[in-house]
Amino acid sequence: MTNNSAGPVGIIGGTGLTSLAGLEIIGQRAVSTPWGEPSSALSEGVIDGQPVVFLARHGDPHRIPPHRVNYRANLQALYDAGVRTVVGVNAVGGIHPEMGPARVVIPDQLIDYTWGRASTFFEDNLEHTTHIDFTYPYSQPARRVLVEAAGAVSLAVSDFGVYAATQGPRLETAAEVRRLERDGCDLVGMTGMPEAVLAAELGMNYVCLALVVNWAAGKTDQIITMADIEAAIDEGMSGVRKILEASARPLGLLSHP
Ligand code: HPA
């Protein structure tokens, strides 16, 4: 690892987090990349003295479904803004018994079930093929920072979990969730990939801060309603915001690969 810290920390907000209240906004910048336009303008600001760049993954207002997000443009835009550490905030369904609605999870692994998404920067005009190591998809030092920040704000979080990235935009069937469980997945969302791998390809630290907004399909005898999801977002997002506020400074100090 080389120590190239001190860039702004990137935050990609998902469902329920299209803006950041604790962020003193300095400016909003519409940018473009060779991969196209990112989902939203970049909001540049400061949290607790730490420069932060915020991007709304689904646009602001929320309008881009998970399979249509231009993940390459989003990551490239953050990279070009100097970001080397990224927190991806994701709404998820809970599979593990500990991961009920409003629980915050900091997963340590993922399985990718998405298809047809532009999921690499290494595609055209290559001098040689590139296979990046992706054994540990989430930055362990960044995970530690988030867990410690949760402790500092007295919020119980799950410090483990295998994130299943599904294609969406529909939710899963009960049988699909049983299969995810057999595969070893603990939580399921639609936006964790290819975001994590694109960050890795750019050599950034990437960490997922997941908020459980529903029990995954078939985990209860109820169907999943938007009203229930919205209630869990209302209940849980304040904890996510507190963690982001408490972690911005230490995340800004991390070195990157
Ligand atoms: N499945 C997939 N993605 C999700 C879910 C879910 O149950 N809840 C929120 N995002």
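Start at 1 and go down the list; that is how both ligands and their atoms are numbered.
Backbone and side-chain nitrogen or oxygen atoms of W215 are examined, and none is located within less than 3.5 angstrom of a nitrogen or oxygen of ligand 1.
Scanning all protein heavy atoms for the shortest distance to atom 5 (C) of ligand 1 gives G93 N, 3.4 Å. When only non-hydrogen protein atoms are considered, atom 4 (C) of ligand 1 lies nearest to V188 O, 3.6 Å. Taking atom 3 (N) of ligand 1 as the reference point, the nearest protein heavy-atom neighbour is G189 CA, 3.4 Å. Atom 10 (N) of ligand 1 has its closest protein heavy atom at A91 O, 3.4 Å. Protein heavy atom in closest approach to atom 6 (C) of ligand 1: L171 CD2, 3.4 Å.
To the nearest 0.5 angstrom, H96 atom NE2 is 10.5 Å from L187 atom CG.
Close contacts between ligand 1 and E172 involve ligand atoms 1 (N), 2 (C), 6 (C), 7 (O) [criterion: under 4.0 Å to a heavy atom]. Atoms of ligand 1 lying under 4.0 Å from at least one heavy atom of V213, given by number and element, are 8 (N), 9 (C). The atoms of ligand 1 that sit less than 4.0 Å from any heavy atom of N214 are 5 (C), 6 (C), 7 (O), 8 (N), 9 (C).
With respect to the salt-bridge test (charged N to carboxylate O, under 4.0 angstrom), the residues R144 and D159 qualify. One finds a salt bridge joining R72 and E123 here, because a Lys/Arg side-chain nitrogen approaches an Asp/Glu carboxylate oxygen to under 4.0 Å. A salt bridge does not link E195 to R117: none of the charged nitrogens lies less than 4.0 Å from a carboxylate oxygen.
Judged by a 6.0 Å distance limit and a 45° cone about the ring axis, R84 is positioned over the six-membered ring of Y79.
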### Query
Could you go step by step and tell me if H131 and F122 meet the ring pair (Phe, Tyr, Trp, His ring centres under 6.0 Å) rule?
CA-CA 9 Å; H131 304 283; F122 300 129; 9.6 Å; no
### Task
List the steps and the verdict of ring pair (Phe, Tyr, Trp, His ring centres under 6.0 Å) for F121 and W35.
CA-CA 9 Å; F121 291 111; W35 312 101; 5.3 Å; yes
